[in-house]
Asker: 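Pasting a structure below so you can have a look.
Chain naming here is simple, since letters A, B, ... match the order of the sequence lines and numbering starts at 1 in each. Please read all numbers here as calculations on a predicted model, not as lab measurements.
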2 protein chains.
Amino acid sequence: MLKSDLRITKTKQALEEALLTLLQEKPLKSISITEICRLAKINRGTFYLHYGQIEDLFEEYYKEIMKDLTDSYQEPYRHADILNTKKLNPSTIRIFHHIETYKNFYRIVFSRTVPMSYYYLLFNQVQDLLKRDMELKLKSSVDPAMLSAYQANAILGLIIEWGRNDFQQPAEDMNLLLVRILNIQIESRG
Amino acid sequence: MLKSDLRITKTKQALEEALLTLLQEKPLKSISITEICRLAKINRGTFYLHYGQIEDLFEEYYKEIMKDLTDSYQEPYRHADILNTKKLNPSTIRIFHHIETYKNFYRIVFSRTVPMSYYYLLFNQVQDLLKRDMELKLKSSVDPAMLSAYQANAILGLIIEWGRNDFQQPAEDMNLLLVRILNIQIESRG
DNA sequence: TTTTTTATTGAACATTTGTCTAATAAAAAG
DNA sequence: CTTTTTATTAGACAAATGTTCAATAAAAAA
């Protein structure tokens, strides 16, 4: 038995394409299931066969972008197995470029009416990526899950603020900003 | 003219009470407007006169709790006008106790199906509170909005992870954890 | 190819949503 | 207390939701 029927693939593709088309003209919140199915020429019952709500369909598209995030994050590791940890989170730094590339998408992710699950998809991804660096400097008794949650969400905080400025600053400036913030935290205890 | 009609107050109270009752037996997501109105004995049209969706009703309840957060946060300031900044974020520290007190509420706030707006309500509140401390140590060229966004969301990251453990750890442990994490960030660059 | 499996369809259904009326009742203002 | 203002109501409406069914068509397996 095959992992997925061709008909399923075709149906899902049609639905995703329809959603993406509709997203270009109106906000996610105002798009109905009926509308997507009408455009995709898919029976509404078929939609419910694969998804429970529009958000589930969007999440599938979301995962493609998370794949790119992981790839761009891991790029610095392709040449060196272990990065110089003296440099300020050198690997973290690619995340801002990734967000900038997909800012139309992230405007949706960070919008008020969207479900928290989108935030978690991003949060979990960044947290997982950070854990790789974590192991290196882990002499402390702090729970790695807690530490990575702290750092991952701190960065998401910057991104939210960035998004509030409609991603005006270049990604490179955000990198510098992150470095400066980390320095402040050191100075203030000197 | 008075700020609000008695009828409005009564209606809103009835709706909030109905929502809170329903929340004890089922998740927010599965509660319908029709259901709330039926229980509150309020005409459905009246609901739409005050709110656009269930989430708006929940947000009104949310704001009561945000009031308590602000109060408990500002408690350390009641006796001293300026806190010793050498101590690790002494004022921040009350937030974990607040969350613990209202953990049934925060389980909803951090649940996957809820809209991002709930997250923003909390994020904005914590960010505002942090800005008070911020001014003291602000010699750097970093945008205060960015810095407070970073720190506020970092703490929310800890709370999310805490929530994943269903708030098992005592709030006091979370305080210690926060102190340890801040120390790690210093050590790792010595 | 033929057979078997199963995804999709159209149609129907009860329910909820969001919006709108004119009638009513409650509160505020005089 | 009387008048004025306005919040609430019941009812109706088109649309969307969520679910179910037997019939059909497409894909996988033989």
Asker: For A:R44 and A:I8, take the nucleotide of DNA chain C holding the closest heavy atom to each; which residue's nucleotide lies nearer the 5' end?
Answerer: A:I8

Asker: Do B:L20 and B:M66 belong together in a cluster built from hydrophobic side chains that touch within less than 4.5 Å?
Answerer: yes

Asker: Specify the separation, in whole Å, of atom NZ of A:K10 and atom C1' of C:dT8.
Answerer: 9 Å

Asker: What's the closest nucleotide to the side chain of A:S32 if the choices are C:dT17, D:dT17, D:dT9?
Answerer: D:dT17

Asker: Return no unless some side-chain N or O of A:H50 is found under 4.0 Å from OP1 or OP2 of C:dA7.
Answerer: no

Asker: Let me know the distance between OH of A:Y51 and P of D:dT19, rounded to the nearest Å.
Answerer: 17 Å

Asker: Using the side-chain heavy atoms of A:Y48, tell me which of these nucleotides is nearest: D:dG18, C:dT8, D:dT8.
Answerer: D:dG18

Asker: C:dT8, OP1 or OP2 - any side-chain N/O from A:T11 closer than 4.0 Å?
Answerer: yes

Asker: Report the nucleotide, chosen from C:dA26, C:dT6, C:dT17, that has the shortest atom-to-atom distance to any side-chain atom of A:R7.
Answerer: C:dT6

Asker: So if you build clusters from Ile, Leu, Val, Met, Phe, Trp, Tyr with side-chain heavy-atom gaps below 4.5 Å, do B:L176 and B:I99 land together?
Answerer: no

Asker: So what does B:K12 hit on the nucleic acid, given a heavy-atom distance under 4.0 Å: a base, only sugar-phosphate, or nothing?
Answerer: nothing

Asker: Should the pair B:D166-B:K103 be classified as a salt bridge under the 4.0 Å nitrogen-to-oxygen rule?
Answerer: no

Asker: Looking only at the side chain of B:L6 (C-beta and beyond, no hydrogens), which of the listed nucleotides D:dA28, C:dA7, C:dA27 gets closest?
Answerer: C:dA27

Asker: For B:E55 and C:dG18, give me the distance from atom CD to atom P, rounded to whole Å.
Answerer: 10 Å

Asker: Could you please name the option among D:dA27, C:dG18, C:dT8 that lies closest to any side-chain atom of B:I33?
Answerer: C:dG18

Asker: Could you state the NZ-C1' distance from A:K29 to C:dG18, rounded to the nearest angstrom?
Answerer: 12 Å

Asker: What nucleic acid atoms does A:L49 come within less than 4.0 Å of, heavy atoms only: base, sugar-phosphate, or nothing?
Answerer: base

Asker: From CD1 of B:I42 over to C1' of C:dA25, roughly how many Å is that when rounded to an integer?
Answerer: 13 Å

Asker: Rounded to whole Å, please give me the gap between CZ in A:R38 and C1' in C:dG10.
Answerer: 16 Å

Asker: Would you say a side-chain N or O of B:T46 is under 4.0 Å from OP1 or OP2 of D:dT9?
Answerer: yes

Asker: Whole angstrom is fine here: how far is it from CG in B:D5 over to P in D:dT4?
Answerer: 18 Å

Asker: Starting at CD1 of A:I36 and ending at P of D:dT17, how long is that distance when rounded to a whole Å?
Answerer: 9 Å

Asker: Start with the C-alpha gap between B:F110 and B:R164, add the side-chain angles, then the distance that decides, and say whether side chain to side chain contact (heavy atoms under 4.5 Å, CB included) holds.
Answerer: CA-CA 9 Å; B:F110 289 119; B:R164 279 176 177 160; over 6 Å; no

Asker: Is there a donor and acceptor pair closer than 3.5 Å between the side chain of B:N43 and the base of D:dA10?
Answerer: yes

Asker: Would you please test A:Y106 and A:H98 for ring pair (Phe, Tyr, Trp, His ring centres under 6.0 Å) and show each step?
Answerer: CA-CA 10 Å; A:Y106 283 106; A:H98 163 83; 5.5 Å; yes

